[in-house]
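Report on the following structure.
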Amino acid sequence: MLPIILLSVFGIVLLFLGFLKTRAVLLPAALLFILIALGAGFLEWNKSYLYFGDMLLINNLAILFSTIVLISAFMVVALSGDFLEDEMAQPAEYYAILLFSIVGAMMMIGYENLIMLFVGVEILSVSMYILTGSDKRNLRSNEAALKYFLMGSFATGFMLFGMALLYGAVGSFTLTDIKSYILLSHGRPSLLLYMGELLVLIGMLFKVSAAPFHFWTPDVYEGAPTLFTAFMSTVVKTAGFAALLQLLSVSFSAIYGFWWVILAAITALTLLAGNLTAVYQNSFKRMMAYSSISHAGYLLIGLAALGQQSRSALVFYSLAYSLATISAFGILLLVAKQHTTDGRPDESYSAFNGLSRNNPLLAFVLAVSMLSLAGIPLTAGFWGKFMLFSAAVDRGMVWILILAVLMSAVGIYYYFRVVIAMYFREGQAGRIRVAPFYQFILIAATALTIILGIVPGLFQNIM
Amino acid sequence: MQTDLLAILIPLLPLIGFIINGMGFRHVPKGLVGILGTLGPLVSFACSLLLFTGFGGQTIKVPLFDWITVGHLNIPFAFQIDQLSLIMLLIVTGVGSLIHIYSIGYMKHDEGYGKFMAFLNLFLFFMLLLVMGSNYVIMFIGWEGVGLCSYLLIGFWNKNTSYNNAARKAFVMNRIGDLGFLLGIFMIMGAFGSVEYTEVFEQAAGFPIGDATVVAITMLLFVGAMGKSAQIPLYTWLPDAMAGPTPVSALIHAATMVTAGIYMVVRSNVLYTLSPVTLEIIGGIAIATALLAASIGLVQNDIKKVLAYSTVSQLGYMFLGLSVMGYTAGMFHVMTHAFFKALLFLGAGSVIHAVADEQDIRKMGGLRKYLPITYWTFLIATIAIAGIPPFAGFFSKDEILMHAYQHNKLLWVLGVIGSAMTSFYMFRLLFLTFFGRFRGSEHTREHLHESPATMTVPLVVLAVLSIIGGFFNVPEALGGEARLAEFLNPIFNLSRRVRPSAFGETLLTHSEEYMLMGISTAVAIVSAIAAYVMYVQRVSLPEADTVERPVVQKVLYNKYYVDELYETIIVKPVRGLGDTFYSFGEFIIDGIVTGTGWLVQQASGQLRRLQTGSIGFYVFAMVVSIAAILCLRFFVRF
């Protein structure tokens, strides 16, 4: 609860800091604010509280998801040093919007009332529409923002309609009320409830870019400034899955038989669409967009096979995925700056050719993050996949498991293309200068990926 | 709390040494490399001593963290400090430290000095994990880790192809054993639902004797021990492993790593006690290994090869001890063997160092005058290994033979024959190397010199230990208190519970014990005299390789043609099979693989077309999908 208030205030403070002559103070201030929020979050560890007239529930699970969001945000902000040098950029506004969007994400994570979910989703989405279009001189960025906005509004409409139907059936927006309604209905809840659940689900699945609602993702991710793409593909996804988990596990676990088939079908579709399309891409950034779709597929396994292990598996996977994704985008930022084609940064695979020769550290960081995304053992990504897959085994969903394993194999193909480019291709990449703090963030993310890969038990102890 | 810290420090310090020397290879100054590399093991040894003195008899568990939790199986990363691991800790860090010090002198002029020290430290780290871990999985990490270091160090001079082949041979043979070990661990998981020693043994104690699962587990674990501790049929890698630098032979291939198999069996003594069949098989393999290796040792001419076969043979003795449930005797021999065999190897290293890297004993001789310290220490070690009282080897070997006698007279007879051979080949080695006149070139002779202090000091320390090592466990018949046996006693509590009869009071009278001791001592001395007569009085030299030998000697000299046998019946067929599969794979498997790749590419190309970039289409797709979902859910029954 405290972090939400703090971040809202800090966002406004940042806007005022933007009036200062010197921009140098903005970055440290934003980082400090996020750290304070992170610390404040843990004040409520092991206590479960309801706030705002029972609209918001803060428990350990919510704190863990919030921590992942805050860590991702911290890393993204830490990698944003370039904005301070860009004349046209408005860092104060960007940071403020980022902080506000985290508030939205936290509301999505801890909601107890569907109104709260809606407000959270909208805060996060509107922030994202703005950030996507923040590179005003770039036509692609503008187009992406508009696309995102149009499609997003459309999806929001469905979600809102679904909520209305749920209210019609239950007479309340509270998750626990919905649950008790289902339990009291003796297995014959009203049709409105089923319709409402499906529509809310569809709205949320759009936000986490599950197929067949994923079409916006590649275009938006590619058009948005790389840093905000990193933010979108981690924070939005983590918050979205936290919200879905909350919705399905609290309210609708009693009618699991109704929705699991649909979710399983969507999972399969998402895995196929994400992985198969990623194979054909020549742009690293676009590949990462499809990769984020495919990871949504893996995360969906945890929901479709909702059970004992789902919570910890989803938290662990989100963390592993966020760490690897942000460090990959961090490297992309550095490398793309080196080569420009038509005045735009070169984001294709070939930009990475021969990176290991002069920049062994950067190549190593990217290689580890690719290994983790591909789910190779001794990285966090492996255990994430392992936990999700074992959740599926508990439910006996063998066919989805086979598909997921096959698709992981396809994933290795496109993740390793960049590794091959870095280590085995000749290239003229010179030595890239990296700020010490930037380097520190990359190393820390890589180290954490490896540590979690060797000792997953460390994390499981916290759960 | 303090014990926890000590227990963590012991493996951590060598690891730190490895990281500094390994990462800073070529950057750390040469003088510092040796100091850094040696400091870790020395402080670890000090920590082990502190642990030992502060040990109160209660098993201590030091949990570090929960490592893997899958379903109901929880594998913690924890250390277990008890009597057995303490003894192993002292041996590993103590002998390890001495050999590190020795390496400073021995390897200083090698260009890979820093790398060598780093590997040695890494080895120590894994060896310590192996003996300290509180469950089979940690033991397995250590087990694999020492195997890796052994491979790296055998092939340390990797410019020489035959050395690389030796390294590969060791690696492959160990892998065969490791597979057995791994399967054993899986069976343990399946049968007991845990890999923690305490839980497994507690549960196992409730099983009946001769239970099929336990028999299978113990057999599989013993396959692992065969590989690591060089027993028939997986022993041929150890003599070849002598390609590595001599300190490596001393530390890894004599004193510590190769005894891991014995440690593992002693650790699992409950399981083995429950499975008399396995013990019988171990006994057969052990005595066969002991005799086979000793007989090969009789005619070898390479100073390190003789010692290598001697090691294989002594490992056979240790397993012999275990197979007749003389677990303490086996551990006792591990300890004394670590002292005198490390000493022998280091002495051999000192000799090789002096005669310009010559290893053929036919080209040595008369080194007594030039290398006095090496000579005296080598002599002590030879007496110790030959089993002549009151040096260390006598007590430990005698205890093994005593247990064998109680169990089965035939085993004892064979054991005594083996010890006669041991005494003969060791004294033969000693006489050919240090007595007579020097047979090398004039040039080498001028450069003969005693080794520097960093090398001789460890020799002297080990010599002292080889003399007094036996007094740690003097049998009662000789008025001793059998202190080691007393100390290790709690380890075998569970075994005693499941099979009380096997642990009863000894049936031998004192006079019988005296007789056994007398016989084995007499045999050793007679063999030594025989060697003296042959090689010092008659000055007969082994023939050059070109000379035709009598059949028996030829078979022995060629190590029973076992390598050739393996080549014909295993390596060649496997290679043939590989060729067959390769040509098959080229055609069919490659076809499938490329076909799949092509299919994925095609699918990807088609799917990509859906991504038109037009919002109208996206929204249309979304609406159609939603309609489809609703239809499916509400109108189709399934």
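Reckoned from all heavy atoms, side chains included, excluding hydrogens, waters and symmetry mates. Every chain is numbered from 1, with letters handed out A, B, ... down the list of sequences.
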Legend entry - Side-chain touch Phe213(A)/Ile626(B), heavy atoms, less than 4.5 angstrom: yes
Legend entry - Winner by heavy-atom pair count (cut-off under 4.5 Å) against chain A, out of Val623(B), Ile75(B), Thr612(B), Val619(B): Val619(B)
Side-chain donor-acceptor pairs of residues 381-392 of chain A under 3.5 Å, sequence neighbours excluded:
unit_1	atom_1	unit_2	atom_2	d
Trp383(A)	NE1	Gly453(A)	O	2.7
Lys385(A)	NZ	Leu373(A)	O	3.1
Ser390(A)	OG	Gln309(A)	OE1	3.1
Ser390(A)	OG	Phe386(A)	O	3.1
Ser390(A)	OG	Met387(A)	O	3.0

Inset, instruction - Mind checking the CG-OG spacing from Leu205(A) to Ser625(B)? Nearest 0.5 Å is all I need. - result: 11.5 Å
Legend entry - Side chain, backbone, both or neither of Phe258(A) within contact of chain B (heavy atoms, under 4.5 Å): both
Legend entry - From CD1 (Ile615(B)) to CZ (Phe154(A)), nearest 0.5 Å: 11.0 Å
Inset, instruction - Under 4.5 Å, heavy atom to heavy atom: which of residues 594-602 of chain B reach chain A? Give them by number, or say none. - result: Val600(B), Gln601(B)
Inset, instruction - Give, as side chain, backbone, both or neither, the part of Phe206(A) having an atom under 4.5 angstrom from any heavy atom of chain B. - result: side chain
Inset, instruction - Return yes if some donor-acceptor pair links the side-chain N/O of Gln611(B) with the main-chain N/O of Phe215(A) below 3.5 Å, else return no. - result: yes
Legend entry - Tyr618(B) side, atom OH; Asp219(A) side, atom CG - distance, nearest 0.5 Å: 3.5 Å
Cut-off 3.5 Å, no hydrogens considered: what does the side-chain donor-acceptor table look like for residues 135-145 of chain B, sequence neighbours left out?
unit_1	atom_1	unit_2	atom_2	d
Asn135(B)	OD1	Val137(B)	N	3.1
Asn135(B)	OD1	Ile138(B)	N	2.9
Asn135(B)	ND2	Pro76(B)	O	2.9
Asn135(B)	ND2	Glu196(B)	OE2	2.9
Tyr136(B)	OH	Ser268(B)	OG	2.9
Trp143(B)	NE1	Asp178(B)	OD1	2.8
Glu144(B)	OE1	Arg175(B)	NH1	2.5

Legend entry - Leu198(A) side, atom CG; Ile629(B) side, atom CD1 - distance, nearest 0.5 Å: 7.5 Å
Table please: side-chain donor-acceptor pairs of residues 261-283 of chain A below 3.5 Å, with sequence neighbours left out.
unit_1	atom_1	unit_2	atom_2	d
Thr267(A)	OG1	Leu263(A)	O	2.6
Thr270(A)	OG1	Ala211(A)	N	3.0
Thr270(A)	OG1	Ile266(A)	O	2.6
Asn275(A)	OD1	Tyr414(A)	OH	2.6
Asn275(A)	ND2	Leu271(A)	O	3.0
Thr277(A)	OG1	Ala273(A)	O	2.5
Gln281(A)	OE1	Arg286(A)	NE	3.4
Gln281(A)	NE2	Thr277(A)	O	3.1
Asn282(A)	OD1	Arg417(A)	NH2	3.4
Ser283(A)	OG	Lys285(A)	N	3.2
Ser283(A)	OG	Arg286(A)	N	3.2

Legend entry - Per-residue contact mode, Leu610(B) against chain A (heavy atom under 4.5 angstrom): both
Inset, instruction - Check each atom of Val410(A) against the heavy atoms of chain B and say whether the ones under 4.5 Å are side chain, backbone, both or neither. - result: side chain
Inset, instruction - Using non-hydrogen atoms and a 4.5 Å limit, figure out which bit of Val624(B) sits close to chain A: side chain, backbone, both or neither. - result: neither
